[in-house]
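The structure appears below as structure tokens.
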Amino acid sequence: MPELPEVETIVRALRDGGRGGAPVLGCTFSGAEMRWARTLAEPSPAAFAARLTGQRIEAVDRRAKFLWLHLTHDALLIHLRMSGDLRVDAAAAPPEPHDRALLLLDNGLRIAFNDTRKFGRLWLTAEPQRVLAHLGPEPLNDDFTPAALHQRLTARRRQLKPLLLDQSVIAGLGNIYTDEALHRAGLHPLRSSQSLSMDEAAALWAGIRAVLQEGIDRNGASIDWVYRGGDFQNSFRVHLRAGQPCLACGAPVERAVIGQRSSYFCPHCQPQE
DNA sequence: ACGAGCGCCTGTCGGC
DNA sequence: TGCCGACAGGCGCTCG
């Protein structure tokens with residue numbers, strides 16, 4: 001599910017409150033219950049609760065699509081994958097269906113990791129950089145420049161859309177925001193990355209920045225039963241809009257499967273050649 | 001180096 | 001109504 005803006009929204013809620021939950025910054029873990037053991041990437045389920053207990057949440061951060069809780073000794077990394085979400089509840093509240101991990105806090109609250117499809121993962125580790133080592137630049141950081149994007153795109157010859165989904169090239173984009181960024185840049189998802197001019201890379205850079213920032217401003221996108229609270233889905237220009245008129249030119253939006261993912265684009269605004 | 005296929009999971013939806 | 005395939009915001013693996 002979540003891409004960078006959805007994860008950022010969750011980070012801000014954990015830090016400051018929001019999405020129906022209380023802030024947890026500064027709280028200390030008092031226990032944990034794993035309800036689907038494979039959710040835990042490391043350490044072992046047997047070691048997890050004891051190691052977590054007593055550690056205080058010193059900071060709540062994000063790297064790409066990973067939530068990053070800085071604890072007293074360790075990092076708690078959380079990747080929500082397709083269907084994960086976090087809630088902050090009263091510790092005594094009955095669990096919800098698909099709650100995979102319950103992390104108890106010493107002030108009567110509880111962080112629940114809910115994940116219908118069981119793809120999400122938690123890491124409790126003293127070496128977060130080992131888990132995050134493969135990630136490319138953060139697209140909203142100052143060092144992510146049009147020239148840096150151009151260099152990374154032209155260093156390879158790949159279809160543009162799968163390349164943008166590759167977290168080692170740029171970190172944080174997923175299927176929705178990639179479609180929207182390519183549309184804003186007027187670039188076809190199958191264009192060869194190596195063929196991009198500096199001007200085209202600069203347009204893509206601006207498109208990526210704009211859609212991510214708008215997604216954050218709107219608290220992410222909510223589709224179907226997944227995720228809650230955001231309304232960026234009301235701003236989609238192409239994603240999920242096959243057959244409907246392009247909001248820029250009126251041509252029907254097309255859908256194609258590219259790299260095993262649904263892709264939506266305007267054939268007029270995003271010519272393949 | 002790149003792209004395709006598949007596995008991991010559960011749920012929803014549309015067609016027959 | 002029931003069944004069946006397609007599809008879903010991600011990512012890691014193998015195989016050509």
Side-chain angles (χ1 to χ4, degrees), chain A residues 1-10 35-42 62-67 77-86 96-101 113-123 130-136 139 152-183 189-195 208 211-212 214-216 218-243 255-264:
Chain A
M1 136 192 139
E3 307 179 32
L4 187 156
E6 288 76 30
V7 177
E8 179 65 24
T9 300
I10 294 171
R35 311 184 97 231
W36 179 254
R38 293 173 67 179
T39 293
L40 199 53
E42 64 177 88
R62 178 187 61 72
R63 173 72 172 104
K65 302 175 194 173
F66 288 81
L67 282 115
L77 300 174
I78 304 172
H79 199 304
L80 304 169
R81 294 281 181 99
M82 288 288 268
S83 60
D85 197 5
L86 295 177
E96 304 250 336
H98 314 303
D99 278 351
R100 307 304 180 193
F113 176 66
N114 187 276
D115 184 20
T116 303
R117 293 178 68 181
K118 299 179 176 173
F119 292 162
R121 291 291 179 269
L122 312 186
W123 295 255
R130 176 174 43 78
V131 179
L132 306 173
H134 66 289
L135 294 171
R152 295 183 86 80
L153 296 179
T154 54
R156 303 151 182 252
R157 176 156 39 217
R158 286 177 66 183
Q159 297 168 344
L160 203 43
K161 173 151 184 192
L163 188 66
L164 294 173
L165 291 175
D166 184 335
Q167 301 297 295
S168 71
V169 176
I170 304 170
L173 292 176
N175 208 31
I176 293 175
Y177 292 90
T178 301
D179 279 355
E180 295 296 315
L182 286 170
H183 178 258
L190 286 176
R191 272 283 298 274
S192 168
S193 63
Q194 205 169 46
S195 74
I208 290 169
V211 296
L212 292 178
E214 187 175 348
I216 291 170
R218 292 179 171 276
N219 299 314
S222 310
I223 299 176
D224 298 335
W225 78 100
V226 183
Y227 198 69
R228 312 161 285 137
D231 72 340
F232 184 65
Q233 70 278 7
N234 298 320
S235 297
F236 291 172
R237 298 188 186 180
V238 286
H239 191 75
L240 300 180
R241 296 192 62 248
R255 175 186 177 274
V257 176
I258 299 171
Q260 280 94 265
R261 310 296 300 277
S262 285
S263 298
Y264 300 85

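To find a chain, count down the sequence lines: A is the first, B the second, and so on, and within it residues start at 1. Model, not experiment: these values are computed from the prediction.
Distance, A/D115 CG to C/dG9 C1': 12 Å, rounded to whole Å. Atom pair A/N114:CG and B/dC9:C1' shows a separation of 14 Å (rounding to whole Å applied). Residue A/D166 contributes atom CG, which lies 13 Å from atom P of B/dA1 at whole-angstrom precision. Nucleotide B/dG3 holds its P atom 11 Å from the CD atom of A/Q194, rounded to whole Å. One can place CE of A/M82 at 17 Å from P of C/dA6, the figure rounded to the nearest angstrom. Put simply, CD1 on A/I223 is 14 Å from C1' on B/dT12, counting in whole angstrom units. Between A/D85 atom CG and C/dG10 atom C1' there is a gap of 15 Å when expressed in whole angstrom units. Whole-Å rounding puts the A/R81 CZ to B/dG7 P distance at 17 Å.
C/dC4 and B/dC9 are spaced 22 Å apart, taking the P atom of each and rounding to whole Å. Between C/dC11 and B/dG11, the distance separating the two P atoms is 22 Å to the nearest Å. Between B/dG5 and C/dA6, the two P atoms lie 14 Å apart (nearest whole Å).
In this model, the phosphate group of C/dG9 is not approached by any side-chain N or O of A/K65 to a distance below 4.0 Å at OP1 or OP2. Contact check, A/H79 against C/dC11: a side-chain N or O comes under 4.0 Å of OP1 or OP2. Contact annotation: A/S83 side-chain N/O to C/dG10 OP1/OP2 distance is not under 4.0 Å. Side-chain N/O atoms of A/H98 include one lying less than 4.0 angstrom from OP1 or OP2 on B/dG11. For C/dC11, the OP1/OP2 oxygens have a side-chain nitrogen or oxygen of A/Q167 closer than 4.0 Å. When the side-chain nitrogen and oxygen atoms of A/K118 are compared with OP1 and OP2 of B/dT10, one or more of them lie within a distance under 4.0 Å.
Within 6.0 Å of the CZ atom in A/R35, the count of heavy atoms belonging to other residues, nucleotides or ligands exceeds 12.
Side-chain to base pairing of A/R158 with B/dA1: no donor and acceptor N or O lie closer than 3.5 Å to each other. Donor-acceptor pairing under 3.5 Å, judged by distance alone, is absent between the side chain of A/E3 and the base of C/dG9.
Listed nucleotides B/dG5, B/dT10, C/dG10 differ in distance to A/Q260; the shortest reach to its side chain belongs to B/dG5. Distance from the side chain of A/Q159 is smallest for B/dG3 among the nucleotides C/dC7, B/dG3, B/dG11. Here C/dG10 is the nucleotide among C/dG10, B/dT10, C/dA8 with the atom lying nearest to any side-chain atom of A/R261.
Checking A/T39 against A/R121 by side-chain atom types alone, no donor-acceptor pair falls below 3.5 Å.
Using a 4.5 Å heavy-atom cutoff, the side chains of A/V257 and A/S263 are not in contact. Considering only heavy atoms from C-beta on, A/T9 stays 4.5 Å or farther from A/R218 through its side chain.
Closest non-hydrogen pair, A/F113 versus A/G120, comes out as CZ-CA, 3.9 Å.
Using a 4.0 Å heavy-atom cutoff across all strands shown, A/R121 reaches no nucleic acid atom at all.
Here A/F119 counts as stacked on B/dC8: its ring centre is under 5.5 angstrom from the base ring centre and the planes meet at under 30°.
With A/K161 as the fixed residue, the side-chain hydrogen bond (donor to acceptor under 3.5 Å, both in side chains) test singles out one of A/D179, A/T178, A/D166: A/D179.
If you check C/dC4 for Watson-Crick or wobble pairing at under 3.5 angstrom, you find it paired to B/dG14.
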